[in-house]
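Convention: sequence-line order gives letters A, B, ...; per-chain numbering from 1.
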Amino acid sequence: MTHTPDTFVTRVLDLVDDIPPGRVMTYGGIAAVFGSRGARLVGQIMARYGADVPWWRVIRAGGHPPIGHEERALAHYRDEGTPLTVATGPAGYRIDLSAAGWSPGRGRSPDSE
DNA sequence: CCTATGACTCATC
DNA sequence: GGATGAGCCATAG
């Protein structure tokens, strides 16, 4: 495909698109997969091109969803059954990285292997 | 080529 | 536990 530039953007989008439902990846985690630390890069890419990928499966290192999209992401998490953690606050909800954390090549439960 | 920009992350106060 | 600052890195203009 000559229409597909092999830039970070395409690679990140492809990886995010490979994240199975019920799983999530952190910005830094995705960047680490490419051997880069462009955590902000992933965020930039999602903001500009993430419209065509399950961006809600991409969260921050603390388990919080992308700022400005918490409600939107929460709806998807509940719909896909993503392991969420109930916080003690009103807007306090976060993703259980220990259970939802996903990585390419593992495709299976983190405790299965 | 150089500057500005972020849906981030970590360390420190 | 919340707030602040500095580091980070590829893309767009």
**Student:** Side chain of Leu41(A) only, heavy atoms from C-beta on: which candidate in dA7(B), dC9(C), dC8(B) is closest?
**Tutor:** dC9(C)
**Student:** Separation of Leu97(A) atom CG from dC8(B) atom P, in whole Å?
**Tutor:**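 To the nearest whole Å, that distance equals 14 Å.
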**Student:** Between dA10(C) atom C1' and Arg11(A) atom CZ, what is the distance in whole Å?
**Tutor:** 11 Å
**Student:** Could you state the atom-to-atom distance from CZ of Phe34(A) to C1' of dT11(C) in whole Å?
**Tutor:**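 About 15 Å, once rounded to whole Å.
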**Student:** Provide the closest heavy-atom pair for Ala39(A) versus Ala31(A) in the form atom of the first, atom of the second, distance.
**Tutor:** N-CB, 4.0 Å
**Student:** So if I take every side-chain heavy atom of Thr7(A) and compare against dA10(C), dT9(B), dT11(C), which nucleotide ends up nearest?
**Tutor:** dT11(C)
**Student:** Exactly one of Asp17(A), Leu41(A), Thr7(A), Ile30(A) should register a side-chain contact (heavy atoms from CB on, under 4.5 Å) with Val12(A). Which one does?
**Tutor:** Ile30(A)
**Student:** Looking only at side-chain atoms of His69(A), point me to the closest of dT11(C), dA7(B), dT9(B).
**Tutor:** dA7(B)
**Student:** Please determine, for the side chain of Arg40(A), which listed nucleotide (dT9(B), dC8(C), dA7(B)) has the closest atom?
**Tutor:**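 Minimum distance to the Arg40(A) side chain belongs to dC8(C).
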**Student:** Rounded to whole Å, please give me the gap between CD in Gln44(A) and P in dC8(B).
**Tutor:**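 Computing the Gln44(A):CD to dC8(B):P distance gives 9 Å.
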**Student:** Quickly work out the Arg94(A) CZ to dG1(C) C1' distance and round it to whole Å.
**Tutor:** 13 Å
**Student:** Kindly assign one of parallel, tilted or perpendicular to the pair Trp56(A) and His76(A), based on the angle between their ring planes and the thresholds 30° and 60°.
**Tutor:** parallel
**Student:** Using whole Å, report how far CG of Leu13(A) lies from C1' of dA7(B).
**Tutor:** 13 Å
**Student:** What pair of heavy atoms forms the shortest contact from Met46(A) to Val58(A), and how long is it?
**Tutor:**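 It is CE-CG2, 4.3 Å.
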**Student:** Between dA12(C), dA7(B), dA10(C), which nucleotide has the shortest distance from any of its atoms to the side chain of Trp55(A)?
**Tutor:**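 The nucleotide sitting nearest to the side chain is dA7(B).
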**Student:** So if I take every side-chain heavy atom of Arg37(A) and compare against dT11(C), dC9(C), dC8(B), which nucleotide ends up nearest?
**Tutor:**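 My answer, after comparing the listed nucleotides, is dC9(C).
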**Student:** Take the protein atom CD1 of Ile45(A) and the nucleotide atom P of dT5(B), then report the distance between them rounded to whole Å.
**Tutor:**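 Ile45(A) atom CD1 is separated from dT5(B) atom P by 19 Å.
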**Student:** I need the minimum non-hydrogen distance between Ile95(A) and Thr85(A), along with the two atoms involved.
**Tutor:** C-OG1, 4.2 Å
**Student:** Nearest whole angstrom, please: distance from the P of dC10(B) to the CZ of Arg60(A).
**Tutor:**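 The answer, rounded to whole Å, is 12 Å.
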**Student:** Touch check for Tyr27(A), heavy atoms < 4.0 angstrom, all strands: base, sugar-phosphate only, or nothing?
**Tutor:** base
**Student:** Tyr49(A) has a side chain; which of dC8(C), dT11(C), dT5(B) sits nearest to it?
**Tutor:** dT11(C)
**Student:** Side chain of Ala61(A) only, please: which of dG7(C), dT11(C), dC10(B) is the nearest?
**Tutor:** dC10(B)
**Student:** Mind checking if Gly28(A) touches a base, just sugar-phosphate, or nothing, with heavy atoms under 4.0 Å?
**Tutor:** sugar-phosphate
